[in-house]
Amino acid sequence: MVLDSFSGGGSIPLESIRLGLPTYASDLNPVAATALKLALELIPAGGKELARKMKRDLADFQNVADEIGRKHFGAADSLAYMWCRTYECPNCHADVPLLPNKWLSKKKNLRAVKLITSENHISFEIFEPKSKLEIEYASIGTISTKTAKCPCCSFEVPTSNLQELGKAGGIGDILYAKLSIDSDGNKLYESPTVDDLNAFNSSDIDRNLEHLVNCLDIPLDLNGIRHLWAIQYGVSTVSSLFSNRQKNVLLELVNAVLLMKEKIRKSSKSEQEYQARYLMLVVSLNRIMVYNNKHSWWQANGEFPASIFVRQAISMVWSYVEVPIHTKFAGGWASSVKWLNKIIDHISNIDTTAVVSKLDAANLDLNDKSVDIVVIDPPYFDSITYAYLSDFFYSWMKPLLSDELPNWFQEKSTPKSAELIVDRKHKLSPSPKDSNFFEEKMTACLMEKHRVLKDDGQLILMYGHKKIEAWIHLFEAIKRSKFTPVSSWPIHSERKSKFQHSKVDALATSCILVLNKIDASSSSKKISAKEFKLKFSEVTAEAIKSAQKLSVSGGDLFMAILAPCLALYFSHDIEQTDSDLYSMQDFISDLELESAKVYA
DNA sequence: ACCCAGTGTTTTGTAACATC
DNA sequence: GATGTTACAAAACACTGGGT
């Protein structure tokens, strides 16, 4: 059996079931576990027939999306609405639009917005920048990372003041452009009309749905502020990530999915089929949400929206885009369904299903020595704060799934304290999750792997981080949990540019470590630092030689020689004297030095 | 050739550290 | 204590590459 207890998006267990191997996938995060259950368990189990029904459900829902879209966006048939945030200039009292730049389209047809100022009022005009001067004008906005500048009186306000203003409710929103399609099918940027504003302002919510609004009152967790930057500007709850209209549309979609339950149940031949089809609709709403919030922005270069999670963080976005769900362009329902259908087609062809659970990786419901191979891609130290970011989805999923997956969606928000990550330090974050927590938790997780692995089983672990600290705590955890490295391999992303190493940056590449179990009672040999260094240079020289035979070069060399050197390090207990200290940090630095020497 | 869902790169600002 | 240096990180910007 193959085990991945940090499944996340599920690429490892997906490949495993594609190979027809018995697979066990788990994740602590209920949002991830839900997607895993659908993709790795329910869809493969349902096969072609389920796939057909799912695709029909999604197609049927288009009518609902169209109806809700028309209700809230009016008769206009626009592709996107461009909004930006505003603040009141403390000097001239103008409502200043916060724009990082003025571009709408930087493709073959250049379009930008012009700010027309009269005394203390600013209005917008759309134009085609032609001259160099106009292009320069379009590239300059009203806000940089440091300050915002009023176009009327040129009075400057530092962003720290905007943060205070935001917390006090002093940041507003203004609609400054919209994108439509003309009769020839060309993209057309226009100024919004009175009707557009009226449609926005008259967007209202059914009183019966107000109970659903409460589920969005989840605070964005301050511990995760280093990935939730928008908190600093007063974006403090999940609810505040959405405009009124976006919230109304999404709540009606949620309600429509809830109302669809009975219909799906009646037309399903089993409880399992019902669950699969219902979960598919829930997950499809998640796709709509990432494009329908105040943190998805317009990519003028490609003329399409960027989702809130185009980076794994929620940053402050000054100029955002609102996509009507009933457009067939990016961000709309139809476009999302297109992608979902592809996924359904692919996965429904797989014959093997995985066993999915929502569990802490340090406490699995598996028997001792029952697993042949563990393949994991555990969290990379402080790189991604999965749980904090998941609250964006969790809050919407809770009312949808509290009946179907009651144990997974019981808490008010995504469980965070047990998650194996380090919270980056920030003056506003009181988080206790430091590197020691990471090492302890990683050790507990790896010890659990040691327990469930057969004696001749292997643990394959992917890891990457620029910080030496991140590697030290991983290595300590590996040592403490009684594993020893057998081999190590550098990983590249599929992008070509990553191969073009300009300099040796050893820790910049990720690696795969293959680990074997060692006897829990075994102990390491005592050795002096001096003796160890001698052995170390022998092993390193040997490892470099064999790596070079395989044409491994640059930063990859570090990763390639890591395993034999680490095995050596783990098997010895280096005596630490006042005159001769040799820490894990020294060991990694030496290793870096050795691999860098080769290319000096 | 274009669409689009991103990923990679550059710019800009900031904080920590080092030096005078 | 002031000033310079360096590393890092956010945000903006540029570009890729599969798919059609």
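Convention: sequence-line order gives letters A, B, ...; per-chain numbering from 1.
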Output the rounded distance in Å from [atom1] ([X]) to [atom2] ([N]).
{"X": "A:R226", "N": "C:dC8", "atom1": "CZ", "atom2": "P", "answer": "12 Å"}
{"X": "A:H346", "N": "C:dG18", "atom1": "NE2", "atom2": "C1'", "answer": "12 Å"}
{"X": "A:K338", "N": "B:dG6", "atom1": "NZ", "atom2": "P", "answer": "13 Å"}
{"X": "A:I135", "N": "C:dA14", "atom1": "CD1", "atom2": "P", "answer": "12 Å"}
{"X": "A:L228", "N": "C:dA11", "atom1": "CG", "atom2": "P", "answer": "12 Å"}
{"X": "A:N341", "N": "C:dG19", "atom1": "CG", "atom2": "C1'", "answer": "15 Å"}
{"X": "A:E303", "N": "B:dA5", "atom1": "CD", "atom2": "P", "answer": "14 Å"}
{"X": "A:W298", "N": "C:dA12", "atom1": "CH2", "atom2": "P", "answer": "17 Å"}

Would you mind classifying the nucleic acid contact of A:Y291 as base, sugar-phosphate or nothing, using non-hydrogen atoms under 4.0 angstrom?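 Answer is sugar-phosphate: A:Y291 comes under 4.0 Å of backbone atoms only.
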
Return the residues of residues 163-177 of chain A meeting this criterion: a heavy atom under 4.0 Å from some atom of DNA chain B. Order them by number, or give none.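 The answer is none.
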
Would you please confirm or rule out a distance under 4.0 Å between OP1 or OP2 of B:dA5 and any side-chain N or O of A:S335?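 Looking at the OP1 and OP2 atoms of B:dA5, one of them is under 4.0 Å from a side-chain N or O of A:S335.
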
With a cut-off of less than 4.0 Å, is there a side-chain N or O of A:K107 near OP1 or OP2 of B:dC3?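 So the side-chain polar atoms of A:K107 do come within 4.0 Å of the phosphate oxygens OP1 or OP2 of B:dC3, strictly under.
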
Regarding [X] and [Y], is there a side-chain donor-to-acceptor distance under 3.5 Å anywhere?
{"X": "A:N161", "Y": "A:Y87", "answer": "no"}
{"X": "A:Y189", "Y": "A:N109", "answer": "no"}
{"X": "A:Y176", "Y": "A:S319", "answer": "yes"}
{"X": "A:D27", "Y": "A:S7", "answer": "no"}

Aromatic centroids of [Y] and [X] separated by under 6.0 Å:
{"X": "A:W471", "Y": "A:Y463", "value": "yes"}
{"X": "A:F242", "Y": "A:F392", "value": "yes"}
{"X": "A:F6", "Y": "A:Y386", "value": "no"}

If the plane angle is over 60° it's perpendicular, under 30° parallel, otherwise tilted; pick one for A:H326 and A:F73.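 Because their plane-to-plane angle lies in the 30° to 60° range, the rings of A:H326 and A:F73 count as tilted.
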
So that I can tick it off, tell me whether A:D382 and A:R226 are bridged by a salt bridge, with the cut-off set at under 4.0 angstrom between side-chain N and carboxylate O.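 Judged by the 4.0 Å cut-off on N to carboxylate O distance, A:R226 and A:D382 do not form a salt bridge.
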
From the options [options], select the nucleotide whose nearest atom is closest to the side chain of [X].
{"X": "A:W297", "options": "B:dA5, C:dC13, B:dC3", "result": "C:dC13"}
{"X": "A:N301", "options": "B:dC3, C:dA9, C:dC15", "result": "C:dC15"}
{"X": "A:K187", "options": "B:dC3, B:dG6, C:dG19", "result": "B:dC3"}
{"X": "A:K342", "options": "C:dT20, C:dA12, C:dC15", "result": "C:dT20"}

When you measure from every atom of DNA chain C, which of residues 95-106 of chain A have a heavy atom less than 4.0 Å away?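 Only A:P100, A:N101, A:K106 qualify.
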
Is A:R85 close enough and on-axis enough to A:Y233, meaning under 6.0 Å and within 45°, for cation-pi?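 Relative to the ring axis of A:Y233, which defines the angle, A:R85 lies outside at least one limit.
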
